[in-house]
Amino acid sequence: RRRFLDDDLTDFEQVMAVNLYGVMVGIQRAARHMAANGGGSIVNITSIGGINYIYAMRGEYAVAAPFVGIAMVLDTLDGRIARLTGTTSEFGLQFDSLADIISFGIAPAILTFSWGLTSLGNWGWAAGFVYVTAAAMRLARFNIQSSTAHYDKRYFIGMPSPAAAGVTAATVFAWPY
């Protein structure tokens with residue numbers, strides 16, 4: 001837990017880092033349980049979202065932004081490896097969506113808030129909250145649509161959450177300060 005904390009962080013940032021660390025440990029335990037029981041994700045991309053968050057809170061935006069791209073690659077590999085090894089499950093699908101909300105919803109929102117929305121105060125937090133809510137609703141919509149019988153996998157409706165996160169991260173990476 002101490003390895004995430006730094007004297008340069010404010011008290012609020014330290015509390016948030018400790019809370020995020022607790023969430024990551026819980027998710028990693030769930031991933032180990034899933035692997036032991038033959039189902040779920042092989043790659044845990046929530047850790048990438050956590051690393052992004054910590055660098056963003058330190059103001060190291062050019063370092064934080066590429067982690068969204070790394071999470072995109074790992075998210076792609078995650079599903080393919082699960083399908084190749086025959087370890088897909090309904091729980092794995094839902095767990096992957098949770099990881100996507102962290103990596104493609106919360107992490108880009110914190111990155112964008114830290115980068116350019118802090119001067120807006122509560123309005124900046126509200127903008128970040130709207131982004132996270134939109135990402136969560138998009139993932140929920142995808143999960144419901146993909147489970148219906150008439151869903152055609154050749155067509156994707158809307159903007160994928162990883163692509164939306166990529167747009168925000170690319171903007172921050174292009175203009176880090």
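Computed over heavy atoms, backbone and side chain alike; hydrogens, waters and symmetry mates excluded.
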Ignoring hydrogens and geometry, is there a side-chain-to-backbone donor-acceptor pair from Tyr61 to Ser114 under 3.5 Å?
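Such a contact is found between Tyr61 side chain and Ser114 backbone.
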
Hey, could you give me the [atom1]/[atom2] distance between [X] and [Y], rounded to the nearest 0.5 Å?
X      : Y      : atom1 : atom2 : result
Met57  : Ile110 : CE    : CD1   : 6.0 Å
Ile144 : Leu139 : CD1   : CG    : 11.5 Å
Ile102 : Asn52  : CD1   : CG    : 12.0 Å

Tell me the closest heavy-atom pair linking Gly105 and Val132, and the distance in Å.
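Result for this residue pair: O-CG2, 3.5 Å.
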
Shortest non-hydrogen separation from Ala64 to Ala56 and the atoms involved
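Scanning both residues, the minimum pair turns out to be CB-N, 3.7 Å.
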
Residues that [X] engages under side-chain contact (heavy atoms from CB on, under 4.5 Å), provided they are two or more places apart:
X      : result
Phe113 : Leu117, Thr118, Trp125
Thr133 : Phe129, Met137
Val63  : Tyr55, Glu60, Phe67

So with a 6.0 Å cut-off around CZ of Arg80, is the heavy-atom count from everything else above 12?
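No.
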
When you compare the side chain of Asp96 with that of Asp75, does any pair of heavy atoms fall below 4.5 Å?
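Of all side-chain heavy-atom pairs linking Asp96 with Asp75, at least one is under 4.5 Å.
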
Partner set under side chain to side chain donor-acceptor pair (under 3.5 Å) for Thr171, not counting sequence neighbours
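Result, side chain to side chain donor-acceptor pair (under 3.5 Å) vs Thr171: none returned.
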
Residues in ring-ring contact (aromatic ring centres under 6.0 Å, His included) with Phe173, at least two apart?
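Listed in chain order: nothing, the list is empty.
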
List the atom pairs, donor and acceptor, that lie under 3.5 Å between side-chain atoms in residues 157-170 and the rest of the protein, sequence neighbours left out.
unit_1 : atom_1 : unit_2 : atom_2 : d
Thr168 : OG1    : Ala165 : O      : 2.8

